[in-house]
Amino acid sequence: MSQGIILLGIKHCGKSTLGQMLGKQFNCPFFDTDNVISEMTGKTPREIYQQQGAEAFMEAEARACDYLGRYLHTLGKDEYVIATGGGICTNQQALDSLHKLGFFLFLEVPEKVAAQRIIDEIQWVDGVMTNLPAYIASENPASTEDVAQIFGRFYQQRSNQYRKLAQITCNLKGETAEENCQLLCEALFSQDCHWD
């Protein structure tokens with residue numbers, strides 16, 4: 001690896017987990033843009049989105065990516081791994097900052113796997129589902145079936161956006177994080193990868 005790797009993908013595809021594993025594999029720093037947002041604002045991305053709206057969140061995300069670029073420049077590092085938030089594909093300002101730092105790698109996880117991970121995190125409070133991603137909660141799903149259906153529409157749209165942005169797509173079909181990390185390493189070094 002001779003440049004930065006920026007991981008793209010839907011929520012719960014494993015960007016943070018696999019990003020940390022890649023960082024250890026290559027003995028290089030790992031960063032998560034969601035963590036940078038929290039460190040800069042004192043709030044989680046979800047809190048910003050819920051309390052201040054999508055535009056405020058995108059501004060915070062863009063500032064975090066710009067800051068990360070300047071920070072990496074001062075470190076003088078050429079090799080690092082960056083995990084991004086699931087909605088980064090709609091934030092052009094943030095993408096412009098990240099594009100200067102390396103290449104985009106799309107972690108494609110099966111729809112059913114990602115949907116189940118979201119469903120597994122649902123919390124019920126007085127008969128109401130909570131702890132849902134904002135784009136799902138905004139449609140007021142009444143059941144886990146509704147959640148899966150809403151997610152399915154979103155999944156297809158986002159996946160198309162990630163594919164257009166990424167220089168490499170890695171299909172994560174492993175049962176464990178270790179197996180998926182191996183698939184990711186193979187994708188990085190395979191001659192079959194599509195480099196732009």
*Asks:* Take Glu139 and Arg153 through the test salt bridge (Lys or Arg N to Asp or Glu O under 4.0 Å) and record every step on the way to the result.
*Replies:* CA-CA 12 Å; Glu139 296 198 29; Arg153 296 195 303 268; 2.8 Å; yes
*Asks:* Looking at Asp32 and Ser16, would you say the former's side chain and the latter's main chain have a donor-acceptor pair under 3.5 Å?
*Replies:*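 Checked: no pair found.
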*Asks:* Has the side chain of Asn160 got a donor or acceptor atom that lies under 3.5 Å from a matching backbone atom of Gln156?
*Replies:*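 Present.
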*Asks:* Does a side-chain heavy-atom distance below 4.5 Å link Ile6 with Ile88?
*Replies:*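 No. Closest side-chain heavy atoms not under 4.5 Å.
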*Asks:* With side chains defined as the heavy atoms from C-beta onward, is the minimum distance between Tyr71 and Val36 less than 4.5 Å?
*Replies:*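 No; the side chains remain at least 4.5 Å from each other.
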*Asks:* Would you indicate whether the side-chain heavy atoms of Cys89 and Leu8 approach each other to under 4.5 Å?
*Replies:*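 No; the side chains remain at least 4.5 Å from each other.
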*Asks:* For the side chain of Thr90 and the backbone of Gly87, is there at least one donor-acceptor N/O pair under 3.5 Å apart?
*Replies:*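 Checked: pair present.
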*Asks:* Taking it one step at a time, do Gln182 and Glu186 satisfy side chain to side chain donor-acceptor pair (under 3.5 Å)?
*Replies:* CA-CA 6 Å; Gln182 181 62 36; Glu186 290 172 3; 3.2 Å; yes
*Asks:* Which value, rounded to the nearest 0.5 Å, describes the distance between Tyr67 atom OH and Met40 atom CE?
*Replies:*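 Separation between the atoms: 7.5 Å.
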*Asks:* Strictly distance-based, threshold 3.5 Å: is any side-chain N or O of Glu47 a donor or acceptor partner for the main-chain N or O of Thr44?
*Replies:*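 Yes; judged by distance alone, with no hydrogens or angles, the pair exists.
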*Asks:* Does Gln149 CD have over 12 foreign heavy atoms under 6.0 Å away?
*Replies:*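 No, CD of Gln149 has 12 or fewer neighbouring heavy atoms, counting only those of other groups under 6.0 Å.
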*Asks:* Which ring-ring contact (aromatic ring centres under 6.0 Å, His included) pairs, counting each pair once, include a residue from residues 115-143, with sequence neighbours left out?
*Replies:*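 Counting only pairs at least two positions apart or across chains, the ring-ring contact (aromatic ring centres under 6.0 Å, His included) contacts touching residues 115-143 are Tyr135-Phe154.
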*Asks:* Backbone N or O of Gly9 within a donor-acceptor pair of the Tyr162 side chain at under 3.5 Å?
*Replies:*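 Side chain of Tyr162 to backbone of Gly9, a donor-acceptor pair under 3.5 Å: yes, one is there.
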*Asks:* Going through the distances and angles, do Phe151 and Ile10 end up as a side-chain contact (heavy atoms from CB on, under 4.5 Å)?
*Replies:* CA-CA 10 Å; Phe151 176 77; Ile10 201 84; 3.7 Å; yes
*Asks:* When rounded to the nearest 0.5 angstrom, what is the spacing between CG in Leu107 and OG1 in Thr169?
*Replies:*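 That separation rounds to 9.0 Å.
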*Asks:* Strictly distance-based, threshold 3.5 Å: is any side-chain N or O of Thr130 a donor or acceptor partner for the main-chain N or O of Val125?
*Replies:*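 Such a contact is absent between Thr130 side chain and Val125 backbone.
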*Asks:* Return the minimal non-hydrogen interatomic distance between Ala64 and Thr33, and the atom names on each side.
*Replies:*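 Heavy atoms only, the tightest pair is CB-O, 4.3 Å.
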*Asks:* What I'd like to find out is whether the side chain of Phe104 reaches to under 4.5 Å of the side chain of Leu98, using heavy atoms alone.
*Replies:*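 They are in contact (side-chain heavy atoms under 4.5 Å apart), so the answer is yes.
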*Asks:* Taking Asp146 for its side chain and Ala142 for its backbone only, find out whether a donor-acceptor pair lies under 3.5 Å.
*Replies:*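 Yes: the side chain of Asp146 pairs with the backbone of Ala142.
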*Asks:* Tell me whether Lys100 is salt-bridged to Asp96, with the criterion being a basic N under 4.0 Å from an acidic carboxylate O.
*Replies:*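 Answer for the salt bridge query: no.
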*Asks:* Check whether any side-chain heavy atom of Leu132 lies under 4.5 Å from a side-chain heavy atom of Pro141, and answer yes or no.
*Replies:*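 They are in contact (side-chain heavy atoms under 4.5 Å apart), so the answer is yes.
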*Asks:* Does atom CG (Asn27) have a neighbourhood of more than 12 heavy atoms from anything else shown, all under 6.0 Å?
*Replies:*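 No - once you tally the heavy atoms of other residues, nucleotides and ligands closer than 6.0 Å, there are 12 at most.
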*Asks:* Take Leu188 and Gln25 through the side-chain contact (heavy atoms from CB on, under 4.5 Å) test and state the conclusion after the steps.
*Replies:* CA-CA 12 Å; Leu188 283 168; Gln25 177 89 13; over 6 Å; no
*Asks:* Work out which heavy atom in Ala60 is nearest to a heavy atom in Ile37; give both atom names and the distance.
*Replies:*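 The answer is O-CG1, 4.0 Å.
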*Asks:* Can you find a heavy atom in the side chain of Glu79 that is under 4.5 Å from one in the side chain of Phe26?
*Replies:*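 No; the side chains remain at least 4.5 Å from each other.
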*Asks:* Crowded around Glu55 CD? As in, over 12 foreign heavy atoms under 6.0 Å?
*Replies:*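 No, the 6.0 Å shell around CD holds no more than 12 heavy atoms from other groups.
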*Asks:* Between Glu59 and Gln93, does a side-chain contact (heavy atoms from CB on, under 4.5 Å) hold up when you go through it step by step?
*Replies:* CA-CA 9 Å; Glu59 289 176 2; Gln93 188 176 347; over 6 Å; no
*Asks:* For Gln50 and Arg46, run side-chain contact (heavy atoms from CB on, under 4.5 Å): C-alpha distance rounded to whole Å, both residues' side-chain angles, the deciding distance at 0.1 Å, then the answer.
*Replies:* CA-CA 6 Å; Gln50 291 175 339; Arg46 182 173 290 184; 3.6 Å; yes
*Asks:* Hey, could you give me the SG/CG distance between Cys13 and Asn180, rounded to the nearest 0.5 Å?
*Replies:*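 Going from the SG atom of Cys13 to the CG atom of Asn180 covers 10.0 Å.
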*Asks:* Hey, which of Phe103, Tyr80, Phe30 is the one that makes side chain to side chain contact (heavy atoms under 4.5 Å, CB included) with Ile5?
*Replies:*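 Exactly one candidate clears the test, Phe103.
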*Asks:* CG of Leu184 to CG of Leu105: how many Å apart, nearest 0.5 Å?
*Replies:*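 Between Leu184 CG and Leu105 CG, I get 5.5 Å after rounding to 0.5 Å.
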*Asks:* So, taking the atom named CD in Glu61 and the one named CG in Leu95, what distance separates them when rounded to the nearest 0.5 Å?
*Replies:*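 If we round to the nearest 0.5 Å, Glu61:CD and Leu95:CG are 8.0 Å apart.
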*Asks:* Please find the pair of heavy atoms, one from Ala114 and one from Val109, that lie closest to each other, and give the distance.
*Replies:*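 What the structure gives for the nearest pair is CB-CG1, 3.8 Å.
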*Asks:* Does a donor on one side chain sit under 3.5 Å from an acceptor on the other, for His12 and Glu121?
*Replies:*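 The criterion, which ignores hydrogens and geometry beyond distance, is satisfied for Glu121 and His12.
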*Asks:* How many angstroms lie between atom CD1 of Ile168 and atom CZ of Arg163, to the nearest 0.5 angstrom?
*Replies:*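 Rounded to the nearest 0.5 Å, the CD1-CZ separation comes out at 15.5 Å.
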*Asks:* Looking at side-chain heavy atoms only, is the closest gap between Thr84 and Cys65 below 4.5 Å?
*Replies:*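 Thr84 does not reach Cys65 side chain to side chain.
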*Asks:* How about Gln123 and Met129: do any of their side-chain heavy atoms sit closer than 4.5 Å?
*Replies:*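 They are not in contact (no side-chain heavy atoms under 4.5 Å apart), so the answer is no.
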*Asks:* Less than 4.0 angstrom from a charged side-chain N to a carboxylate O is my criterion; do Glu179 and Lys173 meet it?
*Replies:*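 No, Glu179 and Lys173 are not salt-bridged.
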